[in-house]
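First the structure, in the form of structure tokens, and then the observations on it.
Fair warning: this is a prediction, and the values are worked out from it, not measured in the lab.
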Amino acid sequence: MIKILNDAGRYGPIFICDYCGQRIKEAGLAAAITCDSSIADGEMSDVAYAHKGACHKALEQKFSTPGAHAGWDELKFHILNLGMNVGLSPEKLMAHKQSLQELGM
């Protein structure tokens, strides 16, 4: 899940593992898991976030059905795809580099 963290008065979104409840700190070591094992064209699914390894495996098993496995993406690619789906390309991010640096990113 995504939560907002207050860090000394500075608010920012963070990912929380939907299995163990701990913060996900490294996008390359986490997964975005489709909560439905079969999605029809034009339909949507909820997404669960998990650390790779035991957390990922447990949630993937939970959302899989006989003959259909839950899909997943590495979290870093999921985040990039999400940005592109809201019109936030890497080029647009670079154009806002100063704003991002002011935010501590």
**D18 side chain vs Y49 backbone, donor-acceptor pair below 3.5 Å** = yes

On a heavy-atom basis, the closest approach of I16 and I24 is C-CD1, 4.1 Å

Worked check of side chain to side chain contact (heavy atoms under 4.5 Å, CB included) between K62 and L59: CA-CA 5 Å; K62 176 182 178 179; L59 287 178; 4.2 Å; yes

Taking every heavy atom of A27 against every heavy atom of L75, the minimum-distance pair comes out as O-CB, 3.4 Å

Between the CZ atom in R23 and the NZ atom in K3, the distance rounded to the nearest 0.5 Å is 13.5 Å

TODO: Decide whether Y19 and W72 are clustered together by the hydrophobic rule: side chain heavy atoms of Ile, Leu, Val, Met, Phe, Trp, Tyr closer than 4.5 Å, transitively.
DONE: yes

Heavy-atom closest pair (D36 atom, S45 atom, distance to 0.1 Å) is OD2-OG, 3.1 Å

Closest heavy-atom pair, F63 versus A70, reported as atoms and distance to 0.1 Å, is CB-CB, 3.8 Å

Output for pair (D73 CG, L82 CG), nearest 0.5 Å, gives 11.5 Å

Close side-chain approach of I2 to F15, heavy-atom, < 4.5 Å: yes

One should read off an interatomic distance between L29 CG and K76 NZ, to the nearest 0.5 angstrom, of 8.5 Å

The reported gap from CD1 in I33 to CD in Q61 (rounded to nearest 0.5 angstrom) is 10.5 Å

Value for NZ (K25) from SG (C17), rounded to nearest 0.5 Å, stands at 13.5 Å

CD of E60 to NZ of K52, rounded to nearest 0.5 Å, is 12.0 Å

Closest heavy-atom pair, I39 versus M44, reported as atoms and distance to 0.1 Å, is CG2-N, 4.0 Å

Are M1 and I14 in one and the same hydrophobic cluster, where Ile, Leu, Val, Met, Phe, Trp and Tyr link if side-chain heavy atoms are under 4.5 Å apart? yes

Nearest heavy-atom approach of M84 to P90 is SD-CD, 3.6 Å

